[in-house]
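This report concerns only the one structure given below.
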Amino acid sequence: MKSIKRVLSTTLIASAVMAASVNISAADKEWRMATPWSGGPWLERDAQGFADHVNSMSDGGFEIKVFPGGTLGSALKVTETVKSGVAQISQNYINYDYGVDPTAALLAGHSSGLTPEEFMLWIYQGGGLELYEQFRLEKSKVVALPCSVLGTEIFLHSNKKVQTFEDFQGLRLRTSGAWAEIASRLGASTVVMAGSEIYSALERGVIDAAEWGSPELNKPTGFQEVAKYVMVPGVHQSGGVLECQVNKREWDKLTEKQQTVLRNAAKLSVFDSWLASSYADLAAYEELKSGKNEIVKLDPSFITKVLEETTAWEDENAAKNPWFSKVLNSQRTFKAEMTNWSEYRLTIGESEL
């Protein structure tokens, strides 16, 4: 009897040790995800979607919990939150680190840059992924993987009608990043403010106009309620990406298989976000068109000026910044290779049939 009790006791102790071991192992992969977003599709769909992909593709090996902006650190300093280890992973917008190096604008998306479809091709077929990772690792000491695509933005929600270059002069414009510099060079008076402040600023006349995101992202902001005009196309931001950053020390602890899970989840999330946002933008823009706002199309001559000024800005930065030059040359080479699309791809509305 004592022998049986001893065996049972030994078995129970061994089971407890094994269970504790499993729990410790699982806890090692219970990661916190920092984000800049207080809500909306980027938080609730894209960030959570990536976390869900990682959790399922790892068969429970990872458990990533998503936190809204400001919970784990400053919403505009997510990179620091990850680098310090407060969060092991994040979803972030690289343009929030524009002040560290303006190359961020090329990787985030900027005026006359790549479209969403071109970004995906450049990243996965044109060498963009390698450049993105190398730049982030060297400059910010984090492992960064593109994990969401940004759609083409609305150019402006505005209380002043802007159609020509002359209309743009003196416009009190809320914006950020590279476009704040380029728009200033084009004659606007730019103001940088948090997204949460834009509605009130438009309503009170503190600013004339603001740019924020694509039709889907702008819809819940209510900008269309306090600004009469909607200007298109979004030449200032034709497309872009969001990234998922991993703390370098945590990344180095992972097995090659675990790293592959994160890479594959990021790539799948890029595709998922492109499908979801592109489809949602269709309905959101139709709602704008059928609402009380006046849709204004930019004059082609103004678009040409934007592209010319952007090129000048790019060349100036490339001349003094090796990383900027490397990424810009890669994107320009890729764009040059895309010029034959129009020769064999039909754009709806161009057919004479």
Side-chain angles (χ1 to χ4, degrees), residues 34-36 46 50 76-85 87-116 118-150 176-182 237-252 254 259-260 262-267 269-270 273 310-311 313-337:
T35 74
D46 294 0
F50 170 80
L76 297 180
K77 294 184 178 179
V78 169
T79 301
E80 293 302 317
T81 301
V82 172
K83 189 161 65 172
S84 68
Q88 294 88 354
I89 194 167
S90 74
Q91 189 193 59
N92 193 32
Y93 184 40
I94 190 174
N95 226 10
Y96 290 150
D97 293 335
Y98 176 79
V100 176
D101 191 310
T103 307
L106 302 179
L107 298 170
H110 72 304
S111 54
S112 78
L114 305 179
T115 67
E118 287 171 342
F119 253 113
M120 289 190 289
L121 286 171
W122 176 67
I123 286 170
Y124 297 118
Q125 298 296 324
L129 182 61
E130 292 78 9
L131 287 174
Y132 201 116
E133 285 193 40
Q134 291 167 11
F135 172 76
R136 264 323 213 175
L137 194 55
E138 180 179 315
K139 291 291 184 177
S140 301
K141 312 304 180 189
V142 294
V143 177
L145 308 170
C147 62
S148 183
V149 163
L150 306 179
S176 62
W179 182 236
E181 288 187 26
I182 298 168
Q237 182 83 354
S238 48
V241 294
L242 299 177
E243 62 184 6
C244 287
Q245 307 167 310
V246 183
N247 175 277
K248 181 63 167 57
R249 295 183 297 278
E250 294 294 334
W251 177 267
D252 290 341
L254 300 177
Q259 291 176 354
T260 298
L262 292 174
R263 291 186 186 282
N264 288 343
K267 188 173 183 179
S269 296
V270 165
S273 68
T310 298
T311 299
W313 174 85
E314 290 173 341
D315 290 341
E316 290 169 16
N317 277 279
K320 60 188 178 183
N321 185 322
W323 259 115
F324 194 102
S325 177
K326 186 185 297 187
V327 175
L328 178 64
N329 287 336
S330 176
Q331 290 185 345
R332 284 183 173 177
T333 298
F334 171 79
K335 290 273 283 187
E337 295 170 352

Closer than 4.0 angstrom, basic N to acidic O: yes or no for K141 and D97?
no

What is the distance from atom [atom1] of [X] to atom [atom2] of [Y], rounded to the nearest 0.5 Å?
X	Y	atom1	atom2	result
T311	E316	OG1	CD	11.0 Å
R263	L129	CZ	CG	6.5 Å
F50	K267	CZ	NZ	14.5 Å
E250	L262	CD	CG	11.0 Å
L242	L145	CG	CG	13.0 Å
E243	I94	CD	CD1	5.0 Å

Minimum heavy-atom distance between [X] and [Y], given as atom pair plus value:
X	Y	answer
P322	K320	CD-O, 4.0 Å
P146	A266	O-CB, 3.5 Å
F119	G240	CE1-CA, 3.4 Å
C147	Q91	SG-CG, 4.1 Å
A318	S325	O-CB, 3.5 Å

Without hydrogens or angle criteria, can the side chains of [X] and [Y] be said to hold a donor-acceptor pair below 3.5 Å?
X	Y	answer
S90	Q245	yes
S176	N95	no
T79	S140	no

Indicate yes or no for a side-chain donor-acceptor contact from [X] to the backbone of [Y] under 3.5 Å, with no hydrogens or angles considered.
X	Y	value
S269	A265	yes
S238	G113	yes
N247	V82	yes
S273	V149	yes
Q331	L106	yes

Any side-chain heavy-atom pair from [X] and [Y] closer than 4.5 angstrom?
X	Y	answer
F135	T103	yes
I123	V270	no
R136	V143	no
P36	N92	yes

Could you check L150, V78, T35 and say which one makes a side-chain contact (heavy atoms from CB on, under 4.5 Å) with Y93?
L150

Should W179 and Y98 be marked as a ring-ring contact (aromatic ring centres under 6.0 Å, His included) after you check the CA-CA gap, both sets of side-chain angles, and the distance that decides it?
CA-CA 11 Å; W179 182 236; Y98 176 79; over 10 Å; no

Other residues, nucleotides, ligands: >12 heavy atoms within 6.0 Å of K335 NZ
yes

Mind checking what makes side chain to side chain contact (heavy atoms under 4.5 Å, CB included) contact with T333, not counting sequence neighbours?
E337

Which residues satisfy the side chain to side chain contact (heavy atoms under 4.5 Å, CB included) test with K326, sequence neighbours excluded?
L131, W323

Yes or no on side chain to side chain contact (heavy atoms under 4.5 Å, CB included) for E314 and F324, after CA distance, side-chain angles and deciding distance?
CA-CA 8 Å; E314 290 173 341; F324 194 102; 4.3 Å; yes

